[in-house]
Amino acid sequence: MPLIVQKFGGTSVADSGKILAAARKAILARQAGNQVVVVVSAMGHQTDELIALARQISDHPPAREMDMLLSTGEQVSVALMAMAIHSLGCQAVSMTGAQIGIRTDSTHTKARIHSISTERLRKALEEGQIVIAAGFQGIDEQANITTLGRGGSDTTAVALAAVLKADICEIFTDVDGIYTTDPRLLPEARKVSRISYDEMLELASLGAGVMHSRSIEFAKKFHVPIHVRSSFSDVPGSLIVAVPEAPSLPVCGATLVKNEARVTLLGVPDRPGTSLAIFSRIAARHIAVDMIVQNVGSDGRADISFTVVRDELPYTLQAVSQAAAELGAEGVTHDEEVAKVSVVGLGMATQTGVARRMFRALADANVNIQMITTSEIKISVLVSRDQGLTALRTVHRAFALHEPPPVVEAAAAPAPSNGDARAVVARLHGMEDLAISELALDESQARLTINGIPDVPGVAARVFQEIAEAGIFVDMIVQSTGRAGKANLSFTVPQAVFPQALEATRRLAEMLSCGSVTSSPRVAKLSVSGIGMRSHTDVAIRMFRALAEAGINVEMINTSEVRVNVVVDGAAGQQGLCVLEQAFADVRA
Ligand code: ASP
Ligand code: MG
């Protein structure tokens, strides 16, 4: 019999009427011939209220007691949901995380799932019951109640769908699907019929947070198809699966993050260990860093820029000033008035000219690009905050995201099987642990850098226009904020076309009155990709440490949700790969 997991978020069970409406959806699914597991969140803002209550008692409530308290929110809603189903004439049984057997580690308030037993669930399902499972909670080895972190019910739902090998995991929420951008920002945003796991991971981190990122990581790892849809209507929502909506299109969505701040360390010595010194200090303060951009240095010095959430700027500057003093950096600058605009799409990995199209559109809208970083499936630019919305609208239009895709290919092929249920449960042990799926070395590229680019709209567009006209495929692009109104722009191209690319770049640099052009005919790109990169922020640091200890200098860096790339000297590629193999040996998938 097919099996469905349905998850109802807080707003979908906010009062008795909504609980009854949700109960009806579960019953309909049961009557359509499915086994049904319903995962519920706490009602409305219950979790926030419980947190506020605890704060009235103590500034630092013990984490164990916080979990004891917070788990009651979901215990209330599962009981009411089971009653609602009974009142409508069907069989249902509610279960807490402990009763199901959701085992976690002991990190209270942000525990990770270790294993889930399926016996009791299966038995109830086979008896024809609708099982109502409390989201967000589990128990540790000592039977202490734990919770999975805010928004954790999504993770419970996807994890249950994984162990039960559900045919679909339906996430009922207060939005009716995934949009090409936040519809509150741009009314022309379009609901997509389908989006891939990787695209969703990138978009989730970029502020389009419809779902808990950890739950998408689970879904990808265990091939769980997700359907995000409205609890208040029956309109189909959006599927999150392996295959994108329109594989031929380069971009599936665009995002704007307004509350960013940029920090730049100027003139740090361009030698092994520099990135490690900076980012390990920041990580020690648990500050999440985004958009790291390091550009090749000139005269043995490099500039390193990155962004953080604006609220964390003061704290970040403290950490950075220590690192700057120790490294003998020439200075630290920052800018609080910035916003990040990104485009995401699986299709751009195999298409040329995507960056150029984005830069051209921004130039035509007179938006100045301060910083650029690209990954295989994402291009992000930093712009001044007051131009953020214009920039978002411009790129959304440039990629015609408001229009339905020309061809939506047939529904995704059936997900690869997870093997038998026992095997899945066995793999669950540590299923939330970091898993590195690939370490790669690309020795086919060359690097070009234009120093002293005038920091005005249109320059990046001109550069990549010219390069494209020479028929050259550009891979990694990194532009750092300049000093005194000048920026540095580095990019990599295939070695075979290096001479033409160099010539075109030199010509351009002169035409646009830039500074010098530096280059390296042979660089090595080292990449670490995997699942869990987002929730395990130490990946980049591990990478920097391994390379620093081997005396390998990092020339360019870029990071995304599923991958960290660094460019090093061409001669150091093999050795770099070797030390990364060692550094990540314990977490290879
Ligand atoms: N009730 C929990 C929270 O608000 C879990 C959830 O809603 O997913 O964080
Ligand atoms: Mg929630």
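Order of listing sets the numbers, starting from 1, for every ligand and every atom in it. Along the sequence shown, residues are numbered consecutively beginning with 1.
- Taking 4.0 Å as the cut-off, G152 counts as a neighbour of ligand 1 on heavy-atom distance.
- Contacts with ligand 1 closer than 4.0 Å are made by side-chain heavy atoms of E74 only, the backbone lying farther away.
- Here E119 pairs with S117 under the side chain to side chain contact (heavy atoms under 4.5 Å, CB included) rule; sequence neighbours left out.
- Residue contact check: R150 has heavy atoms under 4.0 Å from atoms 3 (C), 4 (O), 9 (O) of ligand 1.
- Under the rule for a side chain to side chain contact (heavy atoms under 4.5 Å, CB included), the partners of A63 that lie at least two apart in sequence or sit in another chain are H108, T109.
- Note on ring orientation: taking the six-membered ring where Trp is involved, the planes of F306 and F279 are perpendicular (angle over 60°, cut-offs 30° and 60°).
- Of all atoms in ligand 1, listed by their number and element, those nearer than 4.0 Å to a heavy atom of G151 are 3 (C), 5 (C), 6 (C), 8 (O), 9 (O).
- Between the side chain of N558 and the backbone N or O of T374 there is at least one donor-acceptor pair closer than 3.5 Å.
- Atoms of ligand 1 lying under 4.0 Å from any heavy atom of S41, numbered from 1 in the order shown and given with element: 6 (C), 7 (O), 8 (O).
- Side-chain contact of S193 with E245: a donor-acceptor pair under 3.5 Å is present, judged by distance alone.
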